[in-house]
Amino acid sequence: MTIEQQISETRAELNACVEPAERRQLEAKLEIAQAELIVALAVQDGSIDAEPPF
């Protein structure tokens with residue numbers, strides 16, 4: 001599953017969710033997936049280097 005698919009599925013789950021605790025978990029999961037996508041795209045276009053500095 002791609003990051004984009006994970007984001008899409010998590011958004012769909014979040015839209016259908018009514019339990020506050022589950023919503024918080026899904027919101028955190030969505031935020032992490034979106035951050036991973038941003039990093040992956042930045043590495044791909046060369047704007048950041050994902051290698052550790054040591």
Side-chain angles (χ1 to χ4, degrees):
M1 173 182 307
T2 67
I3 295 174
E4 291 92 345
Q5 290 171 326
Q6 182 180 0
I7 290 170
S8 178
E9 287 186 14
T10 303
R11 280 186 181 141
E13 289 178 47
L14 189 56
N15 288 334
C17 181
V18 294
E19 295 292 324
E22 186 178 0
R23 282 192 68 79
R24 287 190 297 273
Q25 289 178 339
L26 288 170
E27 288 167 348
K29 183 178 176 181
L30 179 59
E31 188 174 336
I32 290 168
Q34 289 171 330
E36 289 174 349
L37 178 60
I38 290 168
V39 170
L41 292 173
V43 168
Q44 187 176 15
D45 74 10
S47 60
I48 66 167
D49 184 16
E51 293 296 319
F54 45 90

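It should be emphasised that the depicted structure is a prediction, and the values quoted were computed from it without experimental measurement.
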Show, in sequence, the C-alpha distance, side-chain angles and deciding distance for Arg11 and Gln34, and conclude whether the side chain to side chain contact (heavy atoms under 4.5 Å, CB included) test is met. CA-CA 11 Å; Arg11 280 186 181 141; Gln34 289 171 330; 3.1 Å; yes
So, taking the atom named CD in Glu36 and the one named CD in Gln6, what distance separates them when rounded to the nearest 0.5 Å? 6.5 Å
From Glu22 atom CD to Glu27 atom CD, the distance as rounded to the nearest 0.5 Å: 11.0 Å
For the residue pair Gln5 and Thr2, what are the closest heavy atoms and their distance? OE1-N, 2.8 Å
Linking directly or through intermediates, with side-chain heavy atoms under 4.5 Å: list the remaining ILVMFWY members grouped with Ile7, chain and number order. Ile3, Leu14, Leu26, Leu30, Leu37, Leu41
Does CD belonging to Glu19 count more than 12 external heavy atoms closer than 6.0 Å? no
Counting neighbours of CD on Glu31 that are heavy atoms of other residues, nucleotides or ligands and sit closer than 6.0 Å, is the number greater than 12? no
Given side chains that start at C-beta, do those of Arg24 and Pro20 come closer than 4.5 Å, heavy atoms only? yes
